[in-house]
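All ligand and atom numbering here is 1-based and tracks the order in the structure.
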Amino acid sequence: MRIDIISAVPDLLSSPLNTSIIKRSQDKKLVEIFVHDIRDYATDKHKTIDDKPFGGGAGMLLKPEPIFSCIKKLQSEREYQHIIFTTPRGKILEQTDANRFSLAKNIIILAGHYKGIDERVIEEFVTDEISIGKYVLSGGELPALIMVDVIVRIIPGVLNDSESALLDSFMDSDRIEPPFYTRPANLNGKNVPEILLSGNTKKINEWKEEQSQLLTKKWKKINRLE
Ligand code: ADE
């Protein structure tokens with residue numbers, strides 16, 4: 001899979017893309033990730049990428065032409081199944097969206113910045129407008145990184161066996177995991193639940209299922225999902 005990220009602030013992206021599981025997925029050649037700086041596509045001598053909105057209003061917009069050139073260049077080189085724009089007005093991201101995106105061969109993630117981008121960019125190219133939650137961030141770069149993470153980790157071979165096993169139970173996003181504990185069994189008087197030390201697998205699994213159901217119920221309540 002190939003992911004092209006288009007951004008006005010590429011520096012925000014470099015460290016997370018070159019660390020941990022996302023780095024490993026690239027080292028293993030399971031994913032190729034390229035970052036494109038919108039400024040490289042500006043044509044005037046000041047490398048202008050933003051401008052005032054027509055009709056007034058606060059804030060600056062990303063100019064359309066540099067983004068048009070960047071996307072047109074990428075599209076002349078290969079076909080993209082999804083051109084995703086990160087924006088608070090988009091569909092709120094869920095695991096099922098990530099599953100769908102991860103099946104693509106090539107995707108572009110366009111990170112919004114400033115007040116937004118010229119609407120004509122969206123009309124011309126964007127296939128999916130995605131929000132990562134009901135709050136407004138100062139730019140689309142962090143959402144773009146979240147999209148990369150959620151997509152990349154489900155590509156077969158990216159996670160090792162134990163990480164994948166963990167992922168399987170998280171795939172059902174309406175099911176919350178039971179609490180986990182590691183050594184020491186007694187931490188300054190705070191003990192790990194006795195059942196987990198019992199060695200009785202059947203009882204342990206029943207306890208985990210019960211805890212999972214309790215936490216799922218609580219999670220639905222605090223998120224007003226029922
Ligand atoms: N840009 C700013 N806020 C955002 C959000 N919540 N989701 C996606 N992109 C954004």
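- If you check the side chains of N205 and E209, you find no donor sitting under 3.5 Å from an acceptor.
- Between atom CG of residue L74 and atom CZ of residue F34 there is a gap of 10.0 Å, rounded to the nearest 0.5 Å.
- Side-chain contact of E129 with T87: a donor-acceptor pair under 3.5 Å is absent, judged by distance alone.
- Aromatic ring centres of F68 and Y41: separated by at least 6.0 Å.
- Using cut-offs of 30° and 60° for the angle between ring planes, the H82 and F101 rings count as perpendicular.
- From I108, atom CD1 reaches atom CZ of R2 across 9.0 Å, with rounding to the nearest 0.5 Å.
- At a 4.0 Å heavy-atom cut-off, the residues surrounding ligand 1 are T86, T87, P88, I130, S131, I132, G133, Y135, V136, L137, G139, P143, listed by chain and number.
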